[in-house]
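A short worksheet on the structure shown next.
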Amino acid sequence: MLKDTIRTIPDYPKPGIQFRDITTLLRDAIAFRDAVESLSAPYRNRDVRAVAGIEARGFILGGAVAHQLGTGFVPIRKKGKLPHETLRVEYTLEYGRDEMEIHRDAVQPGERVILVDDLIATGGSALAAISLLRSLGAEIVAACFVIDLPELKGADRIRAMDIPVQALVAFEGH
Ligand code: AMP
């Protein structure tokens, strides 16, 4: 089972957090292929033009999904990493704030895009990425994750914006 290939590290990076480590999934050829195929399958023949991935684990999965769907890939990165003109958004982390960016010319108005990351918790990062994509006029077809932590309600927050959420597995707790 896909879920069994995800390793849990208790109290990382701080006490009380159960870190869901996907490096073990990525290292398993069958699990990696299954995950990418399951994330891609619903969007075949849906006129998706790009996959946007959130740095850094969203790059690994999103790049593979883009390849499967035959689309381009759009990186959404921590501030200061993208070389051309960017759009920037500030978002809230558990402690403090951070900023993420997208290239202003990465998506054309009306383009159909899916968003990919490894895990959705509170939804802070995904909602920031969605706001960047929407500012560029993207039509967000879905937000896709390997892992959902439903107790943190991030997926609910995205669905409340009329964006379908796909997650392959769910874990209880934080
Ligand atoms: P959030 O913005 O709260 O939805 O958090 C999602 C981001 O933080 C994703 O990019 C995850 O990689 C990372 N993250 C949050 N919680 C965990 C966790 N328990 N295990 C692994 N990664 C996590």
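Read the numbers this way: they start at 1 and go in the same order the structure lists the ligands and their atoms.
Residues passing the ring-ring contact (aromatic ring centres under 6.0 Å, His included) test with Phe73, sequence neighbours excluded: Phe59. In this structure, the ring-ring contact (aromatic ring centres under 6.0 Å, His included) partners of Tyr12, at least two apart in sequence or on a different chain, are Phe19.
In terms of protein heavy-atom proximity, atom 3 (O) of ligand 1 is closest to Thr122 OG1, 2.5 Å. Nearest protein heavy-atom contact of atom 7 (C) of ligand 1 is Ser125 OG, 3.6 Å. Atom 10 (O) of ligand 1 has as its closest protein heavy atom Asp117 OD2, 2.9 Å. Here the heavy atom of the protein found nearest to atom 19 (N) of ligand 1 is Gln18 O, 3.0 Å. When only non-hydrogen protein atoms are considered, atom 16 (N) of ligand 1 lies nearest to Leu119 CD2, 3.6 Å. If you check which protein heavy atom lies closest to atom 11 (C) of ligand 1, you get Asp118 OD1, 3.5 Å. The protein heavy-atom contact nearest to atom 20 (N) of ligand 1 is Arg20 N, 2.9 Å.
In this structure, Glu151 and Leu149 have side chains that are not in contact, with every pair of non-hydrogen atoms separated by 4.5 Å or more. Side-chain contact between Thr5 and Asp34 is absent, with no heavy-atom pair separated by less than 4.5 Å. Inter-residue side-chain proximity for Gln68 and Glu37 is flagged as met; some heavy-atom pair is nearer than 4.5 Å.
Looking at Arg7, its side chain never comes within 3.5 Å of a backbone N or O of Thr23 through a donor-acceptor pair.
Residue Lys3 qualifies as enclosed at atom NZ: its count of foreign heavy atoms under 6.0 Å is above 12.
With no hydrogens or angles considered, a side-chain donor-acceptor pair links Arg20 and Thr8 at under 3.5 Å.
The option from Ala126, Gly123, Gly154 that lies nearest to atom 4 (O) of ligand 1, judged by heavy atoms, is Gly123.
When non-hydrogen atoms are compared, ligand 1 lies under 4.0 Å from the side chain of Arg57 (C-beta onward) but not from its backbone.
Here is the list of ligand 1 atoms found below 4.0 Å of a heavy atom in Gly124: 1 (P), 2 (O), 4 (O).
Considering backbone and side-chain atoms alike, His174 places every N or O at 3.5 Å or more from each N or O of ligand 1.
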